[in-house]
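Here the structure comes first, spelled out in structure tokens, and everything after it is commentary.
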Amino acid sequence: MNDHMANELGWMLDEVLKVPEARHAILLSADGMLRAHSQGIGRDEAERQAAALSGLQSISRSTAEFCGKDGSPWQQTLVEFAEGYVFLVAAGAGAYLAVSATQRVDMEMVTYRMQKLVDRLGKELTSPPRQDAAPIRPGTTVRS
């Protein structure tokens, strides 16, 4: 399977990178598996970062009681480096979205775009069953 076929949601992640100074975006599972990556980051590097970020999320979640309440749900981790930032947010059940950016990025705009993308990803990845749908028998037509 080529990288394009395995990266079906990559185009959605590219939307976050429209924020000036945002660099890369990856979607990962809780167990550290890469689900999608933006353009500009190779699959091997994205897989390595997905594994590392899964651990970072786990560590962040385990320190909830330091914030005041044991069991307080984890929402976001921000790591600052001399050359930039890594933003990590929950992106649905067992999924996380990570974005890297330079130190000159508008942090508020990145987190806003990430939340918008998380909402969009949730709709893209889940399709709830229709509650009012009756089974269609062969040979019948559907009317709106």
Side-chain angles (χ1 to χ4, degrees), residues 1-138 142 144:
M1 181 184 306
N2 67 29
D3 188 42
H4 176 71
M5 295 297 285
N7 194 31
E8 292 177 7
L9 297 175
W11 66 272
M12 290 180 76
L13 301 185
D14 291 337
E15 291 294 312
V16 173
L17 302 185
K18 290 180 179 177
V19 174
E21 304 296 328
R23 298 183 65 224
H24 305 296
I26 61 174
L27 181 65
L28 60 135
S29 65
D31 60 357
M33 300 301 294
L34 179 66
R35 298 198 53 198
H37 61 90
S38 61
Q39 291 183 2
I41 185 171
R43 183 162 188 84
D44 289 344
E45 177 64 13
E47 285 178 344
R48 188 175 72 80
Q49 294 300 331
L53 289 163
S54 172
L56 179 62
Q57 183 279 143
S58 178
I59 290 169
S60 297
R61 200 176 62 222
S62 70
T63 59
E65 67 184 49
F66 187 64
C67 199
K69 269 191 167 179
D70 189 24
S72 178
W74 171 85
Q75 295 179 339
Q76 177 176 302
T77 298
L78 171 68
V79 182
E80 182 177 4
F81 298 93
E83 298 297 318
Y85 303 96
V86 173
F87 302 82
L88 181 63
V89 299
Y96 309 103
L97 174 64
V99 173
S100 67
T102 72
Q103 63 186 17
R104 295 177 303 280
V105 75
D106 179 339
M107 295 170 66
E108 186 175 347
M109 181 57 71
V110 170
T111 56
Y112 173 79
R113 286 277 179 104
M114 289 177 76
Q115 289 304 321
K116 287 293 188 188
L117 178 57
V118 165
D119 289 344
R120 193 169 170 202
L121 282 167
K123 291 174 184 148
E124 189 74 23
L125 295 174
T126 60
S127 180
R130 290 180 49 189
Q131 299 299 320
D132 62 333
I136 299 172
R137 289 183 255 157
V142 178
S144 309

Closest non-hydrogen atom pair between [X] and [Y], with its separation:
X	Y	result
Leu88	Ala98	CD1-CB, 3.9 Å
Thr102	Glu21	OG1-OE1, 2.7 Å
His37	Leu34	CD2-CD2, 3.8 Å
Val16	Ala22	O-CB, 3.9 Å
Ala25	Leu17	N-CD2, 4.2 Å
Ala95	Leu27	CB-CD1, 4.5 Å

So does [Y] get a backbone contact from the side chain of [X], meaning a donor-acceptor N/O pair under 3.5 Å?
X	Y	value
Ser38	Asp14	no
Asp106	Val19	no
Ser54	Ala50	no

First locate atom [atom1] of [X], then atom [atom2] of [Y], and finally report the distance between them rounded to the nearest 0.5 Å.
X	Y	atom1	atom2	value
Lys116	Glu15	NZ	CD	13.0 Å
Leu78	Tyr85	CG	OH	7.0 Å
Leu9	Leu97	CG	CG	11.0 Å
Thr63	Trp74	OG1	CH2	11.0 Å
Arg43	Ile26	CZ	CD1	11.0 Å
Glu80	Phe87	CD	CZ	9.5 Å

Give the C-alpha distance, both sets of side-chain angles, the deciding distance and a yes or no for side-chain contact (heavy atoms from CB on, under 4.5 Å) between Leu28 and Leu53.
-> CA-CA 8 Å; Leu28 60 135; Leu53 289 163; 4.3 Å; yes

Is there side-chain contact between [X] and [Y], with heavy atoms separated by less than 4.5 Å?
X	Y	result
Leu117	Met12	yes
Val99	His24	no
Thr111	Gln76	yes
Val118	Arg120	no

More than 12 heavy atoms of other groups within 6.0 Å of Gln103 CD |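 Check passes, neighbour count above 12.
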
